[in-house]
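Here the structure is laid out as structure tokens; the discussion comes afterwards.
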Amino acid sequence: MYGNFSYKEREYIFLESTESTNADMKKAVRSKKEAVFSVIAADSQLSGRGRLGRRFFSPDGGIYFSVSFPLSRKEKNIPFLTLLAGLAVSKTLEEISGIKTQIKWPNDIYYGGRKLGGILCELISTEYLTAVAGIGINLSLSKNELPEELSDIVTSFAAEGIEIPDKRAVIRAVTEKLDRYVYEAYELFEAHNEVINEIRERSYSIGKKVKYTLGETVTEGIITDIKNTGAAEITLADGTVKEIFCGEITQ
Ligand code: BTN
């Protein structure tokens, strides 16, 4: 239970095509007076969005969905929700498809050194504070369908020769895990060591030499930890240790 309602009563909406499931979810949340517990999924998106205002290539045959999380207090730890979503996706793909994926801080799902999926979390403040976790996983995308600049960086189930899973089963399993993380076990983003350790174990970033870009500034260092807050810890060449919450790392 969460307040007067149970999140187990989530409404699932499956669309053939839409502009962006995150945009649809934000519109739905803004148009309702009550807290929205929905999942909006689509077979394709015409203008799928990624982090930092980028486009998320979303042709037919992928998994694209958004889940809304009404929050009971003024909690704004969106970096941590992004990591929880990464963990839920990584564990689900291991359970359903038997593959070991990794979480590239802050929002990418990696397989064999390439991006298999991405997460975009956004916060909406209406009567309720609602977080939206948008998740995209590349399934049937073939190598020659990919824009050229992405072909070395991005992969898919089909490109890796992995059997395509049942999309709805993946969506439901990820949502169920995230509901548990957010509303039961982890009390709205208060990181417990257990979950942070799981995120660390699946990290594609810890131990890697990276370039960190924030606005115009680029710094080099090594990612040395992922903190309970969702921040990445970066150790610079001169030994200075910093915690970063936003910006981008290139590995
Ligand atoms: C990224 O790689 O920067 C994040 C990609 C997030 C894509 C998902 S697909 C479902 C949801 N709807 C969107 O428009 N974006 C997210």
Side-chain angles (χ1 to χ4, degrees), residues 10 12-30 36 38-69 78-90 92-93 101-111 113-124 130-141 145-147 149-157 165 167-168 170-175 178 204-205 212-214 230 232 244-251:
R10 271 190 185 281
Y12 282 77
I13 299 164
F14 295 99
L15 306 171
E16 265 178 35
S17 181
T18 188
E19 294 290 318
S20 151
T21 58
N22 264 33
D24 291 346
M25 186 62 91
K26 288 196 286 182
K27 211 186 285 171
V29 169
R30 288 202 177 102
V36 173
S38 297
V39 178
I40 303 180
D43 287 332
S44 68
Q45 298 183 118
L46 302 171
S47 43
R49 296 173 195 171
R51 245 180 112 242
L52 309 171
R54 293 188 185 128
R55 178 173 170 234
F56 186 78
F57 188 55
S58 316
D60 204 12
I63 295 183
Y64 315 108
F65 67 109
S66 301
V67 189
S68 59
F69 296 95
I78 291 301
F80 194 58
L81 176 63
T82 307
L83 290 177
L84 288 179
L87 181 63
V89 171
S90 180
T92 297
L93 296 183
T101 54
Q102 289 180 293
I103 305 161
K104 176 175 175 277
W105 188 92
N107 71 314
D108 288 335
I109 302 296
Y110 262 57
Y111 180 78
R114 291 197 167 91
K115 177 163 168 165
L116 183 67
I119 293 151
L120 174 66
C121 290
E122 301 182 79
L123 200 59
I124 308 157
T130 302
V132 173
I135 297 166
I137 305 168
N138 305 322
L139 290 186
S140 50
L141 199 67
E145 264 180 297
L146 279 170
E149 71 277 11
L150 295 182
S151 62
D152 282 344
I153 316 169
V154 172
T155 194
S156 71
F157 273 62
K167 292 207 257 182
R168 292 191 184 193
V170 171
I171 292 168
R172 285 181 195 276
V174 170
T175 303
L178 262 174
Y204 184 69
S205 303
Y212 171 58
T213 311
L214 185 62
I244 55 178
F245 283 92
C246 50
E248 197 180 21
I249 58 172
T250 320
Q251 299 184 187

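Start at 1 and go down the list; that is how both ligands and their atoms are numbered.
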**OP:** Using non-hydrogen atoms of the residue, decide whether Arg54 is closer than 4.0 angstrom to ligand 1.
**Re:** no

**OP:** Quick one: look up the protein heavy atom nearest atom 12 (N) of ligand 1 and list residue, atom name and how far away it is.
**Re:** Gln45 OE1, 2.9 Å

**OP:** Mind checking the CG-CD1 spacing from Asn22 to Ile135? Nearest 0.5 Å is all I need.
**Re:** 9.5 Å

**OP:** Using the ring of Phe69 (Phe, Tyr or Trp, six-membered ring only), decide whether Arg10 places NZ or CZ under 6.0 Å from its centre and within 45 degrees of its axis.
**Re:** yes

Subject >> Salt-bridge criterion met for Arg54 and Glu248 (N-O under 4.0 Å) >> reply: yes

Original post:
Should you measure from each heavy atom of Arg51, which atoms of ligand 1 turn up under 4.0 Å away?
Top reply: 1 (C), 3 (O), 4 (C)

**OP:** If you have a sec, work out which protein heavy atom is nearest atom 5 (C) of ligand 1 and how many Å separate them, to one decimal?
**Re:** Phe56 CD1, 3.4 Å

Original post:
Can you check whether Arg49 has an N/O within less than 3.5 Å of an N/O in ligand 1?
Top reply: yes

Subject >> Sub-4.0 Å heavy-atom contact, Glu19 with ligand 1 >> reply: no

Subject >> Minimum-distance protein heavy atom relative to atom 10 (C) of ligand 1 >> reply: Thr21 OG1, 3.2 Å

Original post:
Using 4.0 Å as the upper bound for N to carboxylate O, is an ion pair formed by Arg51 and Asp108?
Top reply: no

Original post:
Going by distance only, is there an N or O of Lys115 that falls short of 3.5 Å from an N or O of ligand 1?
Top reply: yes

